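Quick note on labels: first sequence line is chain A, next is B, and so on, each numbered from 1. Remember, it's a predicted structure, so these values are computed and weren't measured experimentally. Quick note: numbers below take in every heavy atom, side chains included, and nothing from hydrogens, waters or symmetry partners.
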Amino acid sequence: SAVISQKPSRDICQRGTSLTIQCQVDSQVTMMFWYRQQPGQSLTLIATANQGSEATYESGFVIDKFPISRPNLTFSTLTVSNMSPEDSSIYLCGADSPRGYGYTFGSGTRLTVV
Amino acid sequence: GENVEQHPSTLSVQEGDSAVIKCTYSDSASNYFPWYKQELGKRPQLIIDIRSNVGEKKDQRIAVTLNKTAKHFSLHITETQPEDSAVYFCASLKSGNTPLVFGKGTRLSVIA
């Protein structure tokens with residue numbers, strides 16, 4: 001399965017600012033996904049990042065707040081915009097494997113907004 | 001859309017005993033069911049998975065069973081060890097180009 005490098009691993013940000021999280025995959029993958037995980041909770045899908053087209057967002061998440069880029073088949077970014085303390089969470093990127101199953105995840109970004 | 005229910009939310013077992021975690025799914029088109037283990041502060045790691053054309057799969061001390069008719073699948077861990085303590089998530093998938101839908105997780109504690 002693919003190996004994903006995610007950065008930054010953590011950050012503390014001021015409210016009203018933006019943070020961009022990057023994920024690099026060691027092989028070409030069709031789909032990349034962005035999840036949010038609150039402490040002690042499950043993974044909630046934010047959006048699916050499609051190469052060459054706009055991301056597909058889940059209910060409750062909008063492009064203006066969480067713009068996503070997918071410039072090629074190995075890289076994606078998620079920006080958390082105009083942050084508030086409610087955005088404090090762990091953000092994880094995921095990717096399918098070249099064979100289409102066995103999704104793997106980046107190591108996560110622990111974001112704290114103060 | 002797909003809904004995955006997972007039970008129990010917490011589970012404590014004595015070392016050496018077995019642990020069973022159960023999940024149900026709602027979309028009959030789902031055809032792939034992975035289980036992830038997440039240790040504190042770490043990323044979810046795939047530990048075992050099963051596809052809809054198989055009823056059971058085993059890998060050493062862990063096994064997964066699938067009942068397509070009832071739309072439920074289970075994770076079985078035998079001879080539990082303290083290092084099995086973690087949060088376990090079940091998930092389901094309809095096709096290789098769709099996102100995983102996760103259950104809410106089970107916090108397993110293995111007591112030495």
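A:Leu111 and A:Leu92 fall into different hydrophobic clusters, defined by Ile, Leu, Val, Met, Phe, Trp and Tyr side-chain heavy atoms under 4.5 Å apart, directly or through other members. There is no path of hydrophobic side-chain contacts, each under 4.5 Å, that joins A:Phe33 to A:Tyr57. A:Val3 and B:Leu100 fall into different hydrophobic clusters, where Ile, Leu, Val, Met, Phe, Trp and Tyr are joined by side-chain heavy atoms under 4.5 Å apart, directly or via other members. Note: the hydrophobic cluster containing A:Met83 also contains A:Phe61 (ILVMFWY, side chain heavy atoms under 4.5 Å, direct or indirect links). Cluster annotation: B:Ile77 is connected to B:Ile48 through the hydrophobic network of ILVMFWY side chains, with a link wherever side-chain heavy atoms come within less than 4.5 Å.
Taking OH of A:Tyr103 as the start and OG1 of B:Thr98 as the end, the distance is 5.0 Å to the nearest 0.5 Å.
Only the side chain of B:Gln38 comes within less than 4.5 Å of a heavy atom in chain A; its backbone stays farther off. Contacts of A:Gln6 with chain B are absent, with no heavy-atom separation under 4.5 Å from either backbone or side chain. For B:Pro99, the parts sitting under 4.5 Å from any heavy atom of chain A are the backbone and the side chain alike.
You'll find the ring centres of B:Phe102 and A:Tyr35 inside the 6.0 Å limit.
Near-neighbour residues of residues 40-48 of chain A relative to chain B, defined by a heavy atom under 4.5 Å from a heavy atom of that chain, comprise A:Gly40, A:Gln41, A:Ser42, A:Leu43, A:Leu45, A:Thr48.
A 6.0 Å sphere centred on CD1 of A:Ile63 holds more than 12 heavy atoms belonging to other residues, nucleotides or ligands. Counting non-hydrogen atoms of neighbouring residues, nucleotides and ligands closer than 6.0 angstrom, the CZ atom of B:Arg61 exceeds 12 such neighbours. Applying the 6.0 Å contact sphere to NZ of B:Lys22 captures no more than 12 heavy atoms from other residues, nucleotides or ligands.
A:Thr104 places none of its side-chain heavy atoms less than 4.5 Å from the side chain of B:Pro44.
Through side-chain heavy atoms spaced under 4.5 Å, either directly or across other Ile, Leu, Val, Met, Phe, Trp or Tyr residues, B:Val20 is tied to no other residue.
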